[in-house]
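Every value quoted in this text rests on a predicted model; they were computed, and no experiment measured them. Each ligand, and each atom within it, is numbered from 1 in the order the structure gives.
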Amino acid sequence: MDQDCIFCKIVSGEIPSDKVYEDEEILCFRDLEPQAPVHVLIVPKLHLASIEEVTESLEHKELLGHLMSKVRVIAEMLGLTNGYRLVCNCGHDGMQTVRHLHFHLLGGREMGWPPG
Ligand code: DGP
C-alpha cells in the first residue's frame, strides 16, 4: 500500500467508494466523475503506479490476466450488453491523473473515436 495513494485508500476502505465488484486481487468501483451512463474503475489491489510498472514477472502476469478475465464478468453485471470501452490512461500524455493502475470501463452510450 502507498500511504499517499487515493486508490490504495479506497482499496483499504479508508476512503468510501461505490463498490461494484471485489475479490482478493482486484476492486471495481464507480468513478466519481462519470463520463458515460456507466463508468467504473477496475484496479488491482497491489499498488502499481501505472501500466509502465507492470513487468513480465509471474505475479504481474497472473494479476493482470485475472483482472482482464473479470472485465467481461463486470460488464455483464452492469448490463453492458451492447458493448463498452476499456481505457487505461498512462502518464502525462495519456492524461493519467491518479497514480495507481486502473482501467476505466465505460458504457451505456455509443463512444466516439478518435478519443481527444
Ligand atoms: P485517470 O485520469 O485515468 O487517472 O482517471 C482517474 C479517475 O479517477 C477519474 O475519472 C476520476 C476518478 N477519481 C479520482 N478520485 C476519485 C475518488 O476518490 N473516488 C472515485 N470513485 N473516483 C475517483
Problem - Heavy-atom pair of closest approach, residues P37 and R109 - result: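 In this case the closest contact between P37 and R109 is CD-CG, 3.8 Å.
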Completion exercise
Looking only at heavy atoms, the pair that brings L86 and M68 closest together is CD2-SD, 4.0 Å
For [X], take its heavy atoms, then give the atoms of ligand 1 lying under 4.0 Å from any of them.
X	result
F29	20 (C), 21 (N)
L41	8 (O), 12 (C)
Q96	4 (O)

Can you report which non-hydrogen protein atom sits closest to [atom], along with the distance?
atom	answer
atom 19 (N) of ligand 1	I10 CD1, 3.5 Å
atom 14 (C) of ligand 1	V98 CG2, 4.0 Å
atom 10 (O) of ligand 1	D31 OD2, 2.6 Å
atom 21 (N) of ligand 1	R30 O, 2.9 Å
atom 8 (O) of ligand 1	F7 CZ, 3.4 Å

Handout entry: Option from L80, D31, L78 for which side chain to side chain contact (heavy atoms under 4.5 Å, CB included) with V40 holds
Key = L78
Handout entry: Member of L41, V11, I42 meeting the side chain to side chain contact (heavy atoms under 4.5 Å, CB included) criterion with F29
Key =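 By the side chain to side chain contact (heavy atoms under 4.5 Å, CB included) criterion, F29 pairs with just one of L41, V11, I42: L41.
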Exercise for the section: Give the single entry among L32, D18, T97 that approaches atom 23 (C) of ligand 1 most closely by any heavy atom. Expected result: L32
Exercise for the section: Give a yes or no on whether a salt bridge exists between K45 and E22, defined as a side-chain N under 4.0 angstrom from a carboxylate O. Expected result: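 Here K45 pairs with E22 in a salt bridge, since their nearest N and O are under 4.0 Å apart.
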Practice task
State yes or no: are the ring centers of H102 and H104 separated by less than 6.0 Å?
Solution key: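 Centroid distance H102-H104: below 6.0 Å, so yes.
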Practice task
For H104 and ligand 1, answer yes if some heavy atom of the residue is under 4.0 Å from a ligand atom, otherwise no.
Solution key: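 Within the 4.0 Å threshold, so yes.
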Exercise for the section: Determine whether any heavy atom of R99 lies closer than 4.0 Å to an atom of ligand 1. Expected result: no
